[in-house]
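Every chain is numbered from 1 and lettered A, B, ... according to where its sequence line falls, protein lines coming before strand lines.
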Amino acid sequence: MIRIAIVGFGTVGQGFAELLERKKEEIRKKIGEFKVVAIADSKSSISGEFSIDEAIKIKRIEGRLRDDRKADELIDEVDFDILAEATHTRLDGGNGLNYIKKALKKGSHVITSNKGPLVSEFKGLMNLAERNSVKLMYEATVGGAMPTIKLIKRYLAFCEIESVRGILNGTCNYILSRMEEEGLPYEQILNEAQELGIAEADPTYDVEGVDAAAKLIIIANTIGVDAKFEDVERVGIRKITPEAFKVAKEKGYTIRLIAEVSKETLRVSPRLVPLSHPLAIKGTMNAAMFKTDTAGNIFVAGRGAGKEETASAMLSDLYDIYVSN
Amino acid sequence: MNEVLITLIVELEDRPGQLLKVLEPISKMGGNIVGIVHQRGKKTPLNRLPVEISFKIDSKKLEKLIGSLRSSGILVRSVNEVKLTATTSVLLIGHLIHTDISDTIQSIDIDGEAECVEMHVNMPEISGPSTAIVSISAAGNEKLKEALEKLREICRRKKITMIEPVNEDLV
Ligand SMILES: NC(=O)c1ccc[n+]([C@@H]2O[C@H](COP(=O)([O-])OP(=O)(O)OC[C@H]3O[C@@H](n4cnc5c(N)ncnc54)[C@H](OP(=O)(O)O)[C@@H]3O)[C@@H](O)[C@H]2O)c1
């Protein structure tokens with residue numbers, strides 16, 4: 001019996017719980033028996049006897065869970081095999097970092113969707129997992145449903161990855177591809193994105209390339225480039241004008257925010273992308289191009305965010321822990 | 001006029017005034033010298049000094065020039081046309097006019113082996129930022145990278161947003 005604890009019960013945490021419930025028969029067949037034994041948000045938790053549906057219902061109605069016990073104590077006191085961590089992103093690691101460390105030290109595997117802990121302490125966490133003979137899985141931190149981390153670690157295991165260039169932020173890609181289509185100024189398209197819930201009220205984190213840079217750091221470390229967030233040369237998309245798209249188009253280009261890592265490069269910046277290039281993708285999609293020594297160029301694309309998409313990446317990590325190894 | 005970039009290697013006797021015997025005819029025929037490299041350490045067995053001279057000239061005049069150099073006793077070792085084979089475009093956004101766009105563009109000129117071959121500026125309003133797409137050609141990818149690095153530097157200094165292409169090998 002695989003015992004799962006979920007910490008962070010917002011969009012992603014709930015999405016993961018719902019997906020476990022909805023796919024339970026297939027999960028049992030393909031992975032084995034499992035049970036969600038505990039769930040926590042920022043102020044409360046639930047453990048012992050409860051069902052996933054019940055927990056989601058209480059959370060939606062009351063904005064909290066049944067018990068007062070906090071996530072911290074829950075991780076200390078409840079026995080589980082897997083921690084699914086989906087708390088807020090903080091680039092210094094935040095609480096999520098502590099939860100992950102505690103769980104690894106206890107000998108539990110961890111599946112996280114939270115970039116913060118990996119951006120702040122990638123190596124330390126990987127070493128900690130290894131010392132405790134457990135796995136720290138993080139497919140959901142980069143590219144949502146788009147296969148990225150396990151693609152690198154499994155499929156491209158014997159390739160030297162010379163560079164990765166990707167569109168890692170759906171909000172920026174939406175804004176840029178809409179500017180391309182409509183010829184409208186940045187501010188106007190940003191407003192539209194905010195109304196549609198694609199951009200946050202404070203869009204800084206996305207449009208200044210912070211989110212993409214955090215994901216780039218995770219990819220960089222995964223391909224063996226020892227890099228820190230501060231090392232990323234970062235330029236956002238605020239200064240891009242509608243005219244820029246016009247003149248670029250005359251030469252057969254569009255503009256996208258590209259995150260790039262190679263031996264010489266670590267940067268997130270707007271780039272000219274040939275209109276026929278696979279990275280000239282539209283809407284909130286994410287995409288990445290891996291340049292390898294033996295496998296040539298590999299291109300992947302997919303939905304970069306969303307409740308189910310992110311949850312599906314976490315479920316693929318669960319499968320990997322128990323089946324692929 | 002079809003101007004070409006030429007690298008000429010001549011072997012000169014090691015005494016004063018020899019170089020002038022090469023440079024003068026080039027200038028007289030309207031050639032434009034862009035670089036001279038003395039290969040001091042590499043004297044030939046006959047004690048001559050190889051010198052590499054790059055210049056731009058009307059392609060129609062090249063043959064005549066080489067002929068007249070030879071007949072004046074200059075030992076011409078090789079004549080090669082440098083082709084600007086690598087081309088890319090970059091986009092510049094910012095106060096391009098105020099920050100002297102021609103100075104910005106000239107910064108990429110590397111001895112004639114990299115240059116701006118085309119530029120299109122779009123200026124929506126006088127006070128606002130303008131946008132330009134610039135095509136750069138260079139003699140090979142290395143030179144092109146060098147030119148881009150120079151442009152990047154000057155754009156950083158002038159607070160111009162430079163948008164580079166994502167193309168695989170820049171060509
Ligand atoms: N949404 C996506 O599409 C997506 C995609 C990929 C990755 N992610 C990442 O996944 C994580 C979760 O995202 P989300 O969209 O689910 O965010 P969210 O809806 O804001 O949920 C965050 C959850 O974390 C809980 N939390 C905050 N501080 C905590 C603490 N100190 N201890 C325990 N729980 C705490 C919150 O508790 P309360 O409910 O009590 O506030 C909430 O349940 C983030 O790191 C995000 O970057 C999200």
Side-chain angles (χ1 to χ4, degrees), chain A residues 162-167 176 179-180 183-187 209 233-260 262 264-265 267-281 287-292 296-297 299, chain B residues 86-99 101 104-105 108 116-137 141-142 144-171:
Chain A
E162 291 160 14
S163 70
V164 183
R165 287 166 305 156
I167 291 174
L176 294 177
M179 284 179 74
E180 174 192 337
L184 291 171
Y186 166 80
E187 284 78 16
E233 194 186 322
R234 183 166 52 81
V235 179
I237 63 166
R238 281 188 214 254
K239 289 203 179 130
I240 298 188
T241 55
E243 293 75 31
F245 283 96
K246 217 185 286 166
V247 290
K249 199 171 174 190
E250 285 165 19
K251 283 270 162 202
Y253 290 107
T254 185
I255 302 166
R256 293 291 184 268
L257 186 73
I258 303 288
E260 176 174 22
S262 70
E264 310 93 52
T265 327
R267 63 172 158 164
V268 171
S269 59
R271 300 281 285 272
L272 289 173
V273 179
L275 285 163
S276 58
H277 196 284
L279 286 173
I281 202 163
M289 179 84 95
F290 299 82
K291 187 179 178 200
T292 73
N297 282 332
F299 178 76
Chain B
T87 297
T88 193
S89 300
V90 295
L91 210 120
L92 307 177
I93 305 175
H95 293 282
L96 303 178
I97 310 300
H98 292 311
T99 57
I101 179 106
T104 309
I105 293 309
I108 60 175
C116 165
V117 290
E118 198 189 332
M119 178 164 74
H120 179 163
V121 186
N122 187 308
M123 202 169 40
E125 35 188 297
I126 295 294
S127 59
S130 42
T131 303
I133 191 144
V134 177
S135 299
I136 302 168
S137 287
N141 278 332
E142 282 314 307
L144 191 54
K145 276 186 195 159
E146 211 179 296
L148 283 175
E149 184 50 48
K150 285 189 167 185
L151 187 59
R152 206 177 288 147
E153 227 175 85
I154 198 156
C155 284
R156 214 173 281 148
R157 194 147 43 77
K158 293 184 176 181
K159 298 196 168 42
I160 293 170
T161 304
M162 170 172 163
I163 303 186
E164 291 174 55
V166 79
N167 315 30
E168 196 51 40
D169 296 311
L170 294 168
V171 192

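- Heavy atoms closer than 4.5 Å to chain B are found in the side chain of E250(A), but not in its backbone.
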Report task. Report the C-alpha distance between T241(A) and N122(B) in whole Å, list the side-chain angles of each, state the deciding distance to 0.1 Å, and finish with yes or no for side chain to side chain contact (heavy atoms under 4.5 Å, CB included). Result -> CA-CA 10 Å; T241(A) 55; N122(B) 187 308; over 6 Å; no
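- Between M119(B) and I101(B) the shortest side-chain heavy-atom distance falls below 4.5 Å.
- Proximity to chain A is limited to the side chain of S135(B), based on heavy atoms less than 4.5 angstrom apart.
- The shortest side-chain heavy-atom distance between L96(B) and T104(B) does not fall under the 4.5 Å cut-off.
- Contacts of I255(A) with chain B are made by side-chain atoms alone, with heavy-atom separations under 4.5 Å and no backbone atom involved.
- Heavy atoms of R238(A) lying under 4.5 Å from chain B are absent altogether.
- With a threshold of 4.5 angstrom between heavy atoms, I93(B) approaches chain A through side-chain atoms but not through N, CA, C or O.
- For a residue to count as touching a neighbouring chain, one of its non-hydrogen atoms must lie under 4.5 Å from one of that chain's; by this rule S89(B) touches chain A with backbone and side chain alike.
- Within the 4.5 angstrom heavy-atom criterion, atoms from both the backbone and the side chain of K239(A) approach chain B.
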Query raised in the report: Does the pair I258(A) and I167(A) meet the rule for a side chain to side chain contact (heavy atoms under 4.5 Å, CB included), with working shown?
Result: CA-CA 5 Å; I258(A) 303 288; I167(A) 291 174; 3.9 Å; yes
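- Two residues are said to be in side-chain contact when any heavy atoms from C-beta on lie closer than 4.5 Å; M162(B) and L148(B) meet this criterion.
- Salt bridge annotation for E164(B)-R267(A): present, with a cationic side-chain nitrogen under 4.0 angstrom from a carboxylate oxygen.
- Proximity to chain B is absent for every atom of S269(A), based on heavy atoms less than 4.5 angstrom apart.
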